[in-house]
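Throughout, numbering of the chain's residues begins at 1 and tracks the sequence. Given the structure is predicted, the values throughout are model-derived calculations rather than measurements. Just the heavy atoms: all of them, side chains too, but no hydrogens, waters or symmetry mates, feed the values below.
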Amino acid sequence: MTSAAGRRRETVAIAAGRPERVPGGPFNEPITLASALHADGPTGYARDGLRSWGALEAAVGALDGGHAVAFASGMAACAAVLAQVPLGGTVVAARTMYMGARQMLEEAERTGRLVPRWVDLTDTAAAADAMRGADLLWIEAPQNPLMALADVPELAARAGTAGVPVAVDATLASPMLLRPLEHGATWTIHSATKYLGGHADLLLGVVVAADPAKAEPLDHHRHLHGATPGALETYLTLRGIRTLPLRMQRAQENAVELAARLAAHPEIERVRYCGLPGDPGHQRMRAFMDGPGGVLAVEPTGGAERAEALCHATELFTHATSFGGIESTLERRARWSEESDEVPPALIRVNVGCEHVEDLWDDLALALQRSRAAPAPASTAHA
């Protein structure tokens, strides 16, 4: 694989993870559709690894500054990191973390596998106190879906002093905006389903470790638990990474503009976005991130019913879960019964895509108008 040493991230995203330059050879690592492999090679079975995995892992590792291990999904990546915590160990995390990861911790608590210790991670002092005797600190930066931002460098430093490993889910930021390993994290987690893939057409997760000794157990877990990524998915993710800098730049520019307009709109009670100067996380974002990203959260007037109606009233924004795709989406997060009780019922997570910003604004403005008196459609979320 080509070296990424000394290159800027925009270049690394395009150049890393390429096959050797051989006359007549391809620019991209081909898709390897195989389960059994010829004997006497580096691997003999696809669960042990494929070249397409290696290309993706080389690219993500170069972007994040570590050793990457790819998984079948973001949840599989989260599970592999939690598997590194000893039986009965304590995990410090925010209760308002990503719903799926929180459910994983709650299930581990019910079975006696792990002990979650819930704390507001934006309160650095409280988080530091909660680390005493803990076995893992789990941070999301920014936090999904409240968009709160913890002080990643300070928390990582305090965890290091206390001997507590740190996992940072940087899915919302991507390596273009935040590289937690640079700030002392043990592992960085990405749901590559989101920004890395970027086109809402795959499931994949990646964990990146600064220390190769911390990556090896993840690879072992992947092998034993069958959490292996598909050949097509790794190929699509790597292809998505090639345009990640461009997509993130455009999405972020759009998000900054929409956040400012929404904050000034009389029918929006609150905008949660660290790109706004008045946001509680703004100064932190400026201190250790390269930008606020393309996802924000808004709370319209009229409560949950108005918010649900607004989500159904858009034409350009797609009413759907997930984020990080090139297309703009939005959803009221509390429509999921599994969502944290601390998430406001009217909160809408808005994934800003790469369309023209004026078209996006026209769509939101019209949806706000339409939703004033419109009844909310029946929710199709899980009961």
Side-chain angles (χ1 to χ4, degrees), residues 99 142 144-148 172 193-195 198-201 243 246-279 281-282 291-337 339 343-382:
M99 179 178 70
N144 176 25
L146 294 183
M147 302 300 125
L172 271 164
T193 306
K194 314 301 193 297
Y195 278 113
H199 293 80
D201 57 4
T243 59
L246 300 172
R247 290 186 286 106
M248 180 58 81
Q249 180 181 1
R250 179 59 176 264
Q252 180 172 269
E253 290 172 353
N254 285 349
V256 168
E257 181 64 24
L258 292 182
R261 296 188 190 187
L262 288 166
H265 197 286
E267 295 175 37
I268 297 295
E269 291 185 350
R270 181 174 180 180
V271 177
R272 300 169 186 256
Y273 182 61
C274 62
L276 292 173
D279 188 88
H282 184 70
V295 180
L296 53 99
V298 300
E299 296 166 55
T301 60
E305 185 174 357
R306 169 77 183 284
E308 193 71 22
L310 192 156
C311 290
H312 284 82
T314 58
E315 295 180 356
L316 184 54
F317 278 85
T318 300
H319 183 206
T321 195
S322 198
F323 59 87
I326 198 168
E327 54 282 303
S328 294
T329 60
L330 79 176
E331 70 164 342
R332 184 177 70 89
R333 285 300 297 173
R335 73 191 184 100
W336 301 103
S337 61
E339 187 56 271
V343 173
L347 183 140
I348 299 173
R349 186 181 66 195
V350 182
N351 170 67
V352 183
C354 297
E355 303 91 342
H356 196 287
V357 69
E358 295 300 337
D359 291 328
L360 293 173
W361 175 247
D362 290 346
D363 192 42
L364 288 175
L366 183 58
L368 281 163
Q369 179 181 334
R370 288 172 171 170
S371 63
R372 284 174 191 154
S379 175
T380 58
H382 294 318

### Task
Mind checking the CZ-SG spacing from R306 to C311? Nearest 0.5 Å is all I need.
11.0 Å

### Message
Between D363 (side chain only) and F317 (backbone N and O only), is there a donor and an acceptor less than 3.5 Å apart?
### Response
yes

### Query
With a 4.5 Å limit on heavy-atom distance, are the side chains of V256 and Y273 in contact?
yes

## Note on the structure
Residues N351 and S322: closest non-hydrogen pair is CB-O, 4.5 Å

### Summary
Residue pairs meeting salt bridge (charged side-chain N to carboxylate O under 4.0 Å, His left out), one or both in residues 246-258, sequence neighbours left out, come to E257-R261

#### Entry: Least distance between heavy atoms, A307 atom then A346 atom
CB-O, 3.4 Å

### Query
Checking side chain to side chain contact (heavy atoms under 4.5 Å, CB included) against L330, which of T321, T314, L296, V298 comes through?
T314

### Message
Is the shortest side-chain heavy-atom distance between L316 and S328 below 4.5 Å?
### Response
no

### Task
Taking the side chain as every heavy atom from C-beta outward, state whether H319 and E308 have any pair of such atoms under 4.5 Å apart.
yes

### Beyond-backbone contact of L258 with V271, side-chain heavy atoms, under 4.5 angstrom
no

#### Entry: Any residue meeting salt bridge (Lys or Arg N to Asp or Glu O under 4.0 Å) with E299, in chain and number order, not counting sequence neighbours
R272

### Message
Working to the nearest 0.5 angstrom, can you tell me the gap between D201 CG and T193 OG1?
### Response
10.0 Å

### Query
Can you tell me if N254 uses its side chain to pair, donor with acceptor, with the backbone of G353 under 3.5 Å?
yes

### Message
Tell me the closest heavy-atom pair linking L276 and A263, and the distance in Å.
### Response
CD1-CB, 4.3 Å

### Query
Heavy-atom distance under 4.5 Å between the side chains of L262 and W361, does that happen here?
yes

### Query
Does a donor on one side chain and an acceptor on the other come within less than 3.5 Å for E327 and T318?
no

### Query
Thinking salt bridges, do R349 and E339 make one under a 4.0 Å N-O criterion?
no

### Query
Do P344 and L146 come within less than 4.5 Å of each other through their side chains, counting heavy atoms only?
yes

#### Entry: Heavy-atom pair of closest approach, residues L368 and E267
O-OE1, 3.8 Å

### Message
Once side chain to side chain contact (heavy atoms under 4.5 Å, CB included) is applied, do any residues pair with E269, and if so which ones, sequence neighbours excluded?
### Response
T301

### Summary
Separation between CG (L310) and CZ (R372), nearest 0.5 Å, reads 10.5 Å

